[in-house]
Asks: 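Quick one: this structure, given as structure tokens, is what I'll be asking you about.
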Number of protein chains: 2
Amino acid sequence: MSNDRPRRPTIIDVAAEAGVSKSLVSLALRGDDGVSETTRRRILAAADRLGYRSNTVARALVQGRTGQIGVIVTDLRNPYHSEVALGVEKAAEDAGLGTFLANGRRDADRMAAHVDSLIGHNVEGLVVVSSRVDTAVLAAAAERLPVVVVGRPEILPDRIDSVAGDDESGARLAVEHLVSLGHTDIAFASASTRPAARARHRGYAAALADAGLEAAEAVAVPIEGGTGEADDLLRGGATAVLSNNDLLAVELLNRGHEIGVVAPDRISIVGYDNTELAARVWPRLTSVDQRRTALGRTALSMLSERIAGRTAARREVIAPGLVVRDSTATPKE
Amino acid sequence: MSNDRPRRPTIIDVAAEAGVSKSLVSLALRGDDGVSETTRRRILAAADRLGYRSNTVARALVQGRTGQIGVIVTDLRNPYHSEVALGVEKAAEDAGLGTFLANGRRDADRMAAHVDSLIGHNVEGLVVVSSRVDTAVLAAAAERLPVVVVGRPEILPDRIDSVAGDDESGARLAVEHLVSLGHTDIAFASASTRPAARARHRGYAAALADAGLEAAEAVAVPIEGGTGEADDLLRGGATAVLSNNDLLAVELLNRGHEIGVVAPDRISIVGYDNTELAARVWPRLTSVDQRRTALGRTALSMLSERIAGRTAARREVIAPGLVVRDSTATPKE
DNA sequence: ACTGGAATCTGGAACGTTCCAGATTCGTTC
DNA sequence: GAACGAATCTGGAACGTTCCAGATTCCAGT
């Protein structure tokens, strides 16, 4: 069974149809103003009649540029990633650039493959929203095209720009909020020991020190099935918890419901990332907002500068904000 | 300030470096077995030394095929869309096809533009996960390449395949579950009057009729700020509510907490879509699962068949399942 | 009517790959 | 050591566009 779809018309078919040269068709379609009004109309009509659509691939080949950038995220289902990607995408659209979105699905090898594939597709720059892509892979990519990394507070080669939320000050904001409510025994919970989590713990400890209070070690609570750890935390002495991310905070919230340690009456809980989830759970979660859209926008502006020729590294840090909702309150007793 | 990045090496550079013809380089890189082992190694080494990466754009131009498909979704932030997209993507990867993901951001014009752009990029097929793309746009696209639509229970031209969850039987499942728990007064809430919502209401009414119970009109509750409508619903006589989607169900859950009509004690609530959210709220939400991954997988298999030459339309319906969690229970008193 | 310059149009080269037909080399067999 | 087929390699054409240098047409001014 063979595909009967007609061969896709080319600029040459349109030229024949309109009775002009292919070059003129090209000019007319691109709106060049060396084409007389009458022939332009004739050409457009011919193109329309044939259902012509310009072949981006051929254009990209001859121009050596595609007008596309690549965006690689760890996991699209994670709202943090998808919203940063959205910010990049919007800003790219405004800058007249198209976006190829690649989803790594938490697999470092797949992400490395995506890097290759995007470079193969001649993207003009790469935005990496992931801490899982190997630095060596990034460095190799950066030899070929501009690369900007979002949300990775670590040392990167000079060819690579980066923008990240300020994790220390984000954690600070949360702690200051809890302290101002009157909490004195504040815990820090995390399911990860990645650099971002460590930075947040540093901010947490520093803010407590500034308030003359004592910081605790980070409590490791696995997100799925960490009920034992969660129970210990919820039933321990702390009247408030700062969680390394919203997902974990929500698990604590829910476990609290189950064992009768309900927020915000018995315990105050602060999340991190201000994802969609935070606004939808009960009680609605107070959370640190990384300004994802700003992250994305900044990433794109850095990329544009690189594409335009900047060579010096740029490191940007975005100050987070705190969104206060209903999961935090004055401690009772 | 000019960009000092070196010109990207081509197959010809590699050929010169290895002292062979460009054709042989092409063969060697593609793993053709008409190349002797020693020269293959020499060529690969040369390629490696120059940091050569094959130019997909040039290959696509000459082969007339890109090995890519396009996936257009209404809104990536909506977990339903992103998970269907994920299903498509996984299946495509298994089939050796790459995926371009385009995010419509709820704008019909943008989505139409994405269709054009993807066709321009010579994708071999299009999966549309959106009920917002104009049918005329789809029909025009389908003249040029295979198009599969996911989750749109409406009449489409023969060139276009479709796969959708069975909304009537999904609603049925939910109602049967509630009836079996002993509920007799069951409401249906929706924020939309799109075809899917109407089909779900039909299923709801039919299931109630089968049980000898009375169906009510769909109650319109806006998702944001619909507290008046929500209050009426929660305080009305119904002991159970089937909601047209998880988002709305969660709003009802939360509003219930606020006014003391708590699920599942005072009211049972069932969502639709079984999104991530359903598993994370308190109480965890019973929800109809559309089997998003199956939707995506089926969409891709239909697309592959079309690419291979099938011309007859295929319409597929996926039977949903019910995931019972903690928001439904036997009615009290 | 003739000129010169502007306006409009054209043909071929180029982009980096694959594909094809054929050229060259190699090893075996007589 | 000649002949032959298999193994290995090569050069040019093609893909559909843009770009460039130049060709042609048109028109105003003399």
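All values below come from the heavy atoms of this structure, side chains included, with hydrogens, waters and symmetry mates left out. Every value quoted in this text rests on a predicted model; they were computed, and no experiment measured them. Note on naming: letters A, B, ... go to the chains in the order of the sequence lines (proteins, then strands), and numbering restarts at 1 for each one.
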Asks: For B/E83, what residues pass the side-chain hydrogen bond (donor to acceptor under 3.5 Å, both in side chains) criterion, not counting sequence neighbours?
Replies: B/R292
Asks: What is the distance, rounded to the nearest whole Å, between atom CZ of A/R30 and atom C1' of D/dT17?
Replies: 9 Å
Asks: Once you round it to whole Å, what is the distance between C1' of D/dT17 and CG of A/D13?
Replies: 13 Å
Asks: Sequence neighbours excluded, which residues qualify as salt bridge (charged side-chain N to carboxylate O under 4.0 Å, His left out) partners of B/E316?
Replies: B/R314
Asks: For residues 111-123 of chain A, which residue pairs qualify under salt bridge (Lys or Arg N to Asp or Glu O under 4.0 Å), counting only residues two or more places apart or in two chains?
Replies: A/D116-B/R53
Asks: Checking B/T39 now: which residues fulfil side-chain hydrogen bond (donor to acceptor under 3.5 Å, both in side chains) with it, not counting sequence neighbours?
Replies: B/S36
Asks: Quick one: side-chain hydrogen bond (donor to acceptor under 3.5 Å, both in side chains) partners of B/D161, sequence neighbours excluded?
Replies: B/R306, B/R310
Asks: How sharply is the helix from C/dA1-D/dT30 to C/dC30-D/dG1 bent, taking the axes over five pairs at either end and rounding to 10 degrees?
Replies: 50°
Asks: List the atom pairs, donor and acceptor, that lie under 3.5 Å between side-chain atoms in residues 125-135 of chain A and the rest of the protein, sequence neighbours left out.
Replies:
{"residue": "A/S130", "atom": "OG", "partner": "A/T74", "partner atom": "OG1", "Å": "2.7"}
{"residue": "A/S130", "atom": "OG", "partner": "A/R132", "partner atom": "N", "Å": "2.9"}
{"residue": "A/S131", "atom": "OG", "partner": "A/R194", "partner atom": "NH1", "Å": "3.2"}
{"residue": "A/D134", "atom": "OD2", "partner": "A/A136", "partner atom": "N", "Å": "3.4"}
{"residue": "A/T135", "atom": "OG1", "partner": "A/R152", "partner atom": "NH2", "Å": "3.4"}

Asks: Nearest whole Å is fine: how far is D/dC20 C1' from A/D32 CG?
Replies: 13 Å
Asks: Using a cutoff of under 3.5 Å, can you pull out all pairs of nitrogen or oxygen atoms linking the protein to nucleotides 7-16 of chain D, with atom names and distances?
Replies:
{"residue": "D/dC9", "atom": "OP1", "partner": "B/T39", "partner atom": "OG1", "Å": "3.1"}
{"residue": "D/dC9", "atom": "OP2", "partner": "B/S36", "partner atom": "N", "Å": "3.0"}
{"residue": "D/dC9", "atom": "OP2", "partner": "B/T39", "partner atom": "OG1", "Å": "3.0"}
{"residue": "D/dT10", "atom": "OP2", "partner": "B/S21", "partner atom": "N", "Å": "2.8"}
{"residue": "D/dT10", "atom": "OP2", "partner": "B/S21", "partner atom": "OG", "Å": "3.1"}
{"residue": "D/dG11", "atom": "N7", "partner": "B/S23", "partner atom": "OG", "Å": "3.0"}
{"residue": "D/dG11", "atom": "O6", "partner": "B/S23", "partner atom": "OG", "Å": "2.6"}
{"residue": "D/dG12", "atom": "N7", "partner": "B/K22", "partner atom": "NZ", "Å": "3.3"}
{"residue": "D/dG12", "atom": "O6", "partner": "B/K22", "partner atom": "NZ", "Å": "2.7"}
{"residue": "D/dG12", "atom": "O6", "partner": "B/S23", "partner atom": "OG", "Å": "3.4"}
{"residue": "D/dC15", "atom": "O2", "partner": "B/V62", "partner atom": "N", "Å": "3.4"}

Asks: Which residues satisfy the side-chain hydrogen bond (donor to acceptor under 3.5 Å, both in side chains) test with B/R59, sequence neighbours excluded?
Replies: B/S54
Asks: Do the charged groups of B/R77 and A/E276 touch, with an N to O distance under 4.0 Å?
Replies: no
